[in-house]
Amino acid sequence: MFIFSHASKLSMASVVEQVAPNHKATITFYAGTQTIGGTIAAIEYNNHRVVFDFGTDFRPDPETLAALRELNDDNALRIFLEQRLLPKVDGVYPDAQVTAFPGLIGAAEFPIHTAVIISHLHLDHVGGLLCIDPGIDVYMSDKSLELYNVLSEAGDRPFGHERTFNGVPYYKPFFVGDIKITAYPIDHDCYGASAFIIEAGDKRIAYTGDLRIHGVHSRYTFEYIEAAKHADLLITEGVAASFLPDDYELVGSKEFGEDFYAEKDLDRQFLDLFELKKPILFDFYARNIERLRMIIDTASKTDKQLVLSPKHAFLAKKLLGADVRTTDSLTDADYESDRLLINLPFEQFDSCIDKVASGSIYIHSNSEPLGPFDSRWQAFIDALAIRDIELHSLHSSGHGKAEHIQYVIDQIQPKVLMPVHSLKPYKSVGPNQRILPEIGVTYMIDGGDGQANK
Ligand SMILES: Nc1ccn([C@@H]2O[C@@H]3COP(=O)(O)O[C@H]3[C@H]2O)c(=O)n1
C-alpha cells in the first residue's frame, strides 16, 4: 500500500492529473478512523468515486448536544460542518450550501463522478445522508430502503432535504463507472445492514460496515467472510476493541464466553422480567427489527398486554405485519398497572417519568442514552434512582466482540487491513500488512505490494 498524497493539499486540477493517468484505485478517509462511527471514505478509480458511508460522528457531550438542538432541515449541513460532525469532502455537498466554507468544492463543480453507498441506517452511518447533493446517486440495500421509507413515514429521518435513493438487491453487482459493487447481508442490529465488496480494476476491497457473529443472522457474516477471502484491502470496524486494555493481546476466536449475551439469549431475560408482578417499562432501538419481533413474541407468552410507542407499533405493522396496541399519548398511559408492558422511548422519558410508580422496572436494551459515555446517562440513572425504579440492562451489542472481529479478519486474510470505526483501531491485527489510515491521506490500493511510506 502506497501513500499517494495529502488530499487536503491538492487543488482540484491536481486531483484530475494524478488520478487520470495511472488508473490505479486509491482510498482516502475523511472521518471516522479513530472514533466510534462517522466513517466516511472514498475509493477512486478511472475518474469515478464511491464514497461510503455518510454518518455523523456520535459525540454526546453537552456542547455538541446544545448545538444539535438548533438543527433543522435547512441548517443541518452548516451545523454538522461547523461542529465537525461531518467532514469537508469536496464534490459531495450542494454548491449553493458550500459557499460559506471557503475552499470546499460543491458537487456540480467537482470533476470526478461520485456515488455514495450506505451500509446501514444507524445515524453514525447515515446522519448526513440528506446533506448530500441530490444529483449524487446514493445506493443502499433494498431492505435498508424499505426501513428508510417506513421510518421516514413515522417522522424519523435525518435532517436535510428529502431526495430519492437507489435500493439494490443483495448479491447482484452494480456499477459506478468502472467500479463494481456488490452488497452482502451482514449480521448487525439494524434491518437491512450490508457489507460490500468493491472491485476496481484487478483490486478487491471489502468494507464490512458494522458486524457481529452473535446475532440471529450470524450466517450472513460467515457467508461474507467467504466472499471477501484474500481481499486486497479489508476495511473493518473495531468498536469492541475500543474498550480493551492497552496491554491485552487480542487473539481471534469464535468463542462466546460466559458474561456475554447473544441476541438469541435476550428473550429469556426479557421473559423473566416481563413476568414480574410489577409495572414494566422498556426501551430498545427501533431499527433492531429482530429485537422488536422477539419482544412481541415474548410478551405474547405472558398474561400482560404489550403497549408500543406509536413509532415502534408502526414499524411492527409495516415490517412484521404485527398489530400491537399503541397509544397516541404515552403521558396518559397507566403506569401503575402491573398488567402492562409499556415501551417508553427516551424522547418521551422526561415527560412521562413522573407518572411512573415507585418499584417499577425499567428495561434498557441498547437504547438511548447509549451508556455512561453519553452525557445524558447520569441524569437518566438519577431519574430512575430517585423514583425507586429498578434499572435492568439487557444489552446485546450490535458489534462483534473484539475476538470475533479479529476472527473475521484472520479468516478473510486480507493483503492489507485498515481497521477503523474504533477508539483503538491499533488493537486489531493484520495477518499481512496493516495500515491505520490517516484522515486526508490518499493511499494507493496495490494489494500490499507498495511500501507504507510518506
Ligand atoms: N464511546 C462509545 C461507546 C459506545 N458507543 C456506541 O454505543 C453503542 C451501545 O450499543 P452497541 O450496539 O454495543 O454499540 C455501541 C456503540 O455503537 C459509542 O458510540 N461511543
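Both ligands and their constituent atoms are indexed starting at 1 by order of listing. Both backbone and side-chain heavy atoms feed into the values below; hydrogens, waters and symmetry mates do not. Numbering of residues begins at 1 and proceeds along the displayed sequence.
Under a 4.0 Å N-O distance rule, the pair Asp272/Arg268 qualifies as a salt bridge. Arg287 has no carboxylate O lying under 4.0 Å from a charged side-chain N of Asp189, or vice versa, which leaves the two without a salt bridge. Between Glu162 and Arg157 a salt bridge is recorded (basic side-chain N to carboxylate O distance below 4.0 Å).
Side-chain atoms of Ser329 and Thr331 form a donor-acceptor pair, as typed in the model, at a separation below 3.5 Å. Between the side chains of Tyr207 and Asp53, at least one donor-acceptor pair of N or O atoms lies under 3.5 Å.
Looking only at protein heavy atoms, the nearest one to atom 12 (O) of ligand 1 is Gly398 N, 2.8 Å. The protein heavy-atom contact nearest to atom 17 (O) of ligand 1 is His399 NE2, 3.2 Å. Nearest to atom 2 (C) of ligand 1 among the protein's heavy atoms is Ile36 CD1, 3.4 Å.
The atoms of ligand 1 that sit less than 4.0 Å from any heavy atom of Asn366 are 10 (O), 11 (P), 12 (O). Listed by atom number, the atoms of ligand 1 under 4.0 Å from Leu370 heavy atoms are 7 (O). Close contacts of ligand 1 with Phe58, meaning ligand atoms under 4.0 Å from a residue heavy atom, involve 19 (O).
Of the candidates His188, His395, His421, His395 brings a heavy atom nearest to atom 9 (C) of ligand 1.
Applying side chain to side chain contact (heavy atoms under 4.5 Å, CB included) to Phe58 and the options Leu370, Ile36, Thr35, Leu85 leaves one that passes, Leu370. The only option from Phe196, Phe222, Tyr171, Tyr220 that meets the ring-ring contact (aromatic ring centres under 6.0 Å, His included) definition with Tyr184 turns out to be Tyr171. Of the candidates His122, His399, Glu237, His125, His122 is the only one forming a side-chain hydrogen bond (donor to acceptor under 3.5 Å, both in side chains) with His188.
Any N or O atom pair closer than 3.5 Å counts here, and Ser397 shares at least one such pair with ligand 1. Considering both main-chain and side-chain atoms, Phe373 never comes within under 3.5 Å of ligand 1 through any nitrogen or oxygen pair.
Residue contact annotation: His122 has no non-hydrogen atom under 4.0 Å from ligand 1. Phe243 counts as a contact of ligand 1, since one of its heavy atoms falls under 4.0 Å from the ligand.
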